[in-house]
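Bear in mind that the values here come from a model prediction, so they are computed numbers and not experimental data.
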Amino acid sequence: MPVQVVGAQDVVNPLSKLDSKVVVNVNDENTDPFAHLPPHEADILRKQIATPEVATGYWALYRYATRNDWIIFGVSCICTIAAGAAMPLMTVVFGNLTGLYSGYFQGKQTYDQFLHTLSGYVLYFVYLAIGEFITTYLSTLGFIYVGEHITQKIREEYLRAMLRQNIAFFDKLGAGEITTRITADTNTIQDGISEKFGLTLNAIATFIAAFVIAFIKYWKLTLILMSTVFAIVLAMGSGSSAIVKWTQRSQSEYAKGGSAAEEVLSSVRNATAFNTQEKLARHYDGYLTEAEKWGTKLAGVMGAMMAVMMTLVYLNYGLAFWQGSRFLVKGEMNVSQVLTVLFAVMIGAFSLGNVAPNMKAFTSATAAGRKIFAAIDRKSPMDPESSEGTKLKELEGTIELRNIRHIYPSRPEVVVMEDINLVIPAGKQTALVGTSGSGKSTIVGLVERFYDPVGGSVFLDGHNVQDLNLNWLRQNISLVQQEPVLFATTVYENIAYGLLGTEHEHAEAEKQRELIEDAAKMANAHGFIMALTEGYQTHVGERGFLLSGGQKQRIAIARAVVSDPRILLLDEATSALDTKSEGVVQAALDTAAKGRTTIVIAHRLSTIRHADNIVVMSLGKIVEQGRHDELLDQKGAYFNLVEAQRIAAEQQQDEPPVTEAEETEDSLQRTPSKEKGQPYDPDDKDPSGRLKRMQSGKSISSMVLAQKNKETKKQYSLWKLMRVVWGFNKKEWPIMLMGFFFSVVAGGGNPTQAVFFAKAITALSRPPSEFAQLRKDINFWALMYLMLAFTQLISMAGHGWAFGYCSERLIHRARNQAFRTMLRQDIAFFDQEENNAGSLTSFLSTSVTHLAGLSGQTLGTILMVSTTLVAASVLSLAIGWKLALVCISTIPVLLACGFLRFWMLARFQARSKAAYQSSAGFACEATAAIRTVASLTLEKDIYEKYRKQLDTQTKASTISVSKSSTLYAASQSFVFLCVALGFWYGGTLIAKKEYTMFQFFICFSSIIFGAQSAGTIFSFAPDMSKAKHAAAELQALFDRVPEIDSWSEEGEKIERMDGYIEFRDVHFRYPTRPEQPVLRGLDLSVKPGQYVALVGASGCGKSTTIALLERFYDPLSGGVYVDGKQISKLNVNDYRNHIALVSQEPTLYQGTIRDNVLLGADRDNVPEAEIIKACKEANIYDFIMSLPDGFNTICGSKGGLLSGGQKQRVAIARALLRDPKILLLDEATSALDSESEKVVQAALDAAAKGRTTIAVAHRLSTIQKADIIYVIDAGRVVEEGTHNDLLAKRGRYAELVTMQSLEKAA
């Protein structure tokens, strides 16, 4: 057995073992995640997250329909069936009219008889029109109303069900899932049960009626023509399945590209700092190329499908006339029957084609319903609505945990707590400390009964919490979380939420106001609330973003104590604040905790010195407990934690140590105090000033800003925008020309068809004596139809493919260009509200697709339609101008009908989506803050508010639908009136023998049929208004040249940099907040190779200094100099190559660890040795080698598969790979716990050697060794020197140190 030699490395680097846990992701859907646990534990976990499978058929979607709904639904069904049958009835009248004419020419009727019969038939058209209008209007309105009503009910029930669920259920849901369900999925359901259902029923009615009529007229011909029905259905079916498949392929590629773009845009500072814009843009382009491939295939299929449809129509005409003529000669049928059968079969076939696309809506609606009803039917194991469980009469507040073993259902492979026993005495303060992940917050979750433990139980006053009523339990416990969640309402309302469910909930307003103000005073918030513009009635904005962190936290505390709870849980309530605000909030918490059972969790140990019992946890076990002093004397785990955070405050022997009282005295002289000894939050001096600052004294910055003019929105002409869009297709011009040629050919199809049609009918109307000639003519025209069918096939397919290909190229190029231009912008651009990552990504994914509306495709469509209309008008004017003029007058009506029919349907869908946007936002805000909602028992309140919002929206949308349904109904019925007009006038002309049959049919069919088909084609054209808007946005983006332009070649390039940095009287304000001064005359200098630290309260301008050094912004006045040169005169990219930045939130992209580290180097082919060296210096090489895939390990989206400390070290390695002269550290360790912090800190210290380093730090313990420390306050340097010098001054720095120090409580 060989002796194991301890590796030298282990001795040298004891830190390398810390923070090297590999984060495992179990992502196998089929395997049971709980298989490795004992059955009873697995059951407890499964119960917390299992969702039952619900089998829903289509009719289950109507489960919330009331009796009224069913009545309206029934009436709508009858109406829609009637409306559907009207179309085929028209064919009968049409056929009879044709028969009438043909008979008149054969001399079967007198002039008067003819006119009398004619008016009778024309009146039928008018009656049909009126019937169609009424039935269409009623059915559309009815179906949409029922759909809205049922969907509203589903939305309400879904939100209610969501609020009922236990927290573990939410851990498993993605953040966006609830929003998706409550918006997209309910929209899908509404789509499937409202107008789509009506349309399908309508189409089926049309189909049945058409074939019944056709079979009655003459069954043999109908059977023969049925062949085309099968052909059309087959073509549509096979085409649409290919379309669905390829659409999904191309969408999934775009989605990948979209998430890649989102990652980059959400961390754009990182991309800018490392000059990786080009690399990332190439990466994005890869996805686009793949998507374009599928998109082009898709366009080809779409074109081919349309072409086949048109071909079949013409073939059907040819077949009908040829076969019909044979039956006619035999005397088995007459002209009117041939025409009726022909048109009935055509109408029937196409209506059947309309059913197919709607089927998808029903299947998706059923699928969406399955997901939603599964959630609604889920029995929550911890249901806050249930009345079960006991409510204790008296509550003392003693909490006991016995033999607790806990596993989070979402992470079954990790045991979070093992055999914990802990008593938390009533009325005392118990503190929990330990590294992150040691199980501190878990205790809070168990006491609030967010989760059930898999072993052991939690007792409250000797009662198992599982036997207590959940709602009652949560009303008696108040929780203040690390991230306080405020709702978008007034300060008063936010605090009043704490009163829900207590006896004061319905107290009179006066009493409530008193309670709320007392709570605010206790939480040290009353002062700053009264200073706000509207006092307690001030609106806090969404998630409270108009208040500073400290202010939000104090309102959350007021909300927690207003109900005077027996038990108060504080989960890291001050960790997100800086030292100044922390003091104030801490004081508020200390007051609030008096006389209650309090559990405090703290990262910063200074906040819990005075606790009655301190419990130290590690890896889910309790290591030791006792008071602060006892634990320090034991020199155990607590002592080590304190040491890690302690700041070596060297006190000279002869000077008495600074006690707390003196320190408070010190701060009292400097800050106007509210109450004696109360610490004080700088934000409170002028809280409303945070909302609006008046400018009286002109500062330097405000003078400079006044001279800057605002960006104005340019207006672009349509011509200019079309040139932009066409610019993307420059290379494809030959294909475009071909497309235009095909468009013209395709457009000519309809008028040509009219000539054939008229000739064929004239031939069919010959008297029996000329039957031989009749057969000969018909054979010829049938062959002509065959010819026409094939020209249409080629031209339509060519048109579809050419423009589809060009528009895919266009979208690809536009996206690529837009993304690159976005990355070119300076940081000020991304600071603007409207340019957040989400809206830029959605611009790339959706708006850019709209550009097709101004491209060749639209033009091709317009060409096609105008060819049809112009040719038809010219032809008919030449043949019979009187009738032609009357028919031409109906063109606008017919075009409008064809267009409106489809446009209104699209509108109905879009409207239902838009109407629920705001209420969905409300629901989303509530579910995102589910822990807050649950702990405050707000479920009922939120449900009621949501219901009210939906009610008002449904009312508004019902009114708008009743208006828009008129248009839709009109578009369906006016066609009848136009046909009636043509027949009536044409009939009078025929009666006078002015026109022949041939003249009549050419004028009539070329214009009326032409206009109808043109209107339909129009509706398929991409939306032009959207396109114009998108093109304008795109052009505005292209025109924007940033002040700090990463594309520019200007500025001096430097060969080498020493790293001598100077700020000379720098004044700066952020462009988005010009009223807030940030730097007001900052002066500091850093010598090459120095390690300089910047400290100060939050908002004093530390991070801004770093941003100015990276040249994210330019100062308003004064200048930043490196090696004596002003950085704004240097070439941006070249300058940034000498700098590296490690920020608070490390940004990793999807891809391997190697890819991520390589992003640091601006050059290709970096030798492996350099990568390894950088990783070793960053103290992460050993960790990477311990992973199974080493450097090729995938980091996951935003680096989600690595822990915080690991990500941070990868980021450091990336920074070191550039071998920078200047290293900027912006709070690089603040987001980590003590253990990971040590590792990262060690890596940073190593990295700083031999470089000029500027570090910004919240935790002062991390920067004691700095060569020089600058203390910044309100944008100026107030003190500078080494750690010991500054402590000796006993000024601002000493105060910050004492505040953070963990000296033994005196």
Using the six-membered ring wherever Trp is involved, compare the ring planes of Phe133 and Tyr137 and label them parallel, tilted or perpendicular (cut-offs 30° and 60°). parallel
Ring geometry between Phe197 and Tyr62 (parallel below 30°, tilted from 30 to 60°, perpendicular above 60°): perpendicular
Test item: [X] and [Y] side chains (from C-beta on) under 4.5 Å apart, heavy atoms:
X	Y	answer
Ile193	Phe73	no
Thr200	Ile204	yes
Ser76	Ile72	yes
Leu486	Glu493	no
Val126	Ile130	yes
Thr206	Ile347	yes

Go through the structure and list residues passing side chain to side chain contact (heavy atoms under 4.5 Å, CB included) with [X], not counting sequence neighbours.
X	value
Tyr64	Lys153, Ile154, Glu157, Phe373, Ile376
Met309	Ile232, Met236, Phe350
Thr247	Ile243, Gln251, Leu298

State the [atom1]-[atom2] distance between [X] and [Y], to the nearest 0.5 angstrom.
X	Y	atom1	atom2	result
Thr80	Leu199	OG1	CG	7.0 Å
Leu159	Leu163	CG	CG	4.5 Å
Ile144	Lys196	CD1	NZ	11.5 Å
Leu851	Glu1033	CG	CD	10.0 Å
Leu473	Arg449	CG	CZ	8.0 Å
Ile208	Ile213	CD1	CD1	12.0 Å

Identify the heavy atoms of [X] and [Y] that sit nearest to each other, and give their distance.
X	Y	result
Ile167	Ala934	CD1-CB, 4.4 Å
Asn494	Arg559	O-CD, 3.2 Å
Ala83	Glu132	O-OE1, 2.9 Å
Gly198	Phe143	CA-CE1, 3.4 Å
Pro409	Ala168	CG-CB, 3.6 Å
Ala205	Ile81	CB-O, 3.6 Å

Quick one: which residue pairs count as a side chain to side chain donor-acceptor pair (under 3.5 Å) with a foot in residues 936-949, not counting sequence neighbours? Tyr497-Lys945
[X] atom [atom1]: more than 12 heavy-atom contacts under 6.0 Å:
X	atom1	answer
Tyr58	OH	yes
Met305	CE	yes
Tyr124	OH	no

Is Arg160 salt-bridged to Glu385, cutoff N-O under 4.0 Å? yes
Backbone N/O of Gly348 and side chain of Ser351: donor-acceptor pair under 3.5 Å: yes
Under 3.5 Å donor-acceptor, Asn469 side chain and Lys391 backbone: no
Verdict with supporting geometry, Asp185 and Thr188, side-chain hydrogen bond (donor to acceptor under 3.5 Å, both in side chains): CA-CA 5 Å; Asp185 283 2; Thr188 313; 4.5 Å; no
Mind checking ring-ring contact (aromatic ring centres under 6.0 Å, His included) for Tyr145 and listing every partner two or more places apart, or none if nothing turns up? His149
Please enumerate all residues that pass side-chain hydrogen bond (donor to acceptor under 3.5 Å, both in side chains) together with Asp951, with sequence neighbours excluded. Gln152
With side-chain contact (heavy atoms from CB on, under 4.5 Å) as the criterion, how do Ile150 and Leu61 come out once you've worked through the C-alpha distance, each side chain's angles and the decisive distance to 0.1 Å? CA-CA 8 Å; Ile150 293 177; Leu61 298 175; over 6 Å; no
Check the pair Cys77 / Leu201 against side-chain contact (heavy atoms from CB on, under 4.5 Å), numbers first and verdict last. CA-CA 7 Å; Cys77 285; Leu201 202 57; 3.7 Å; yes
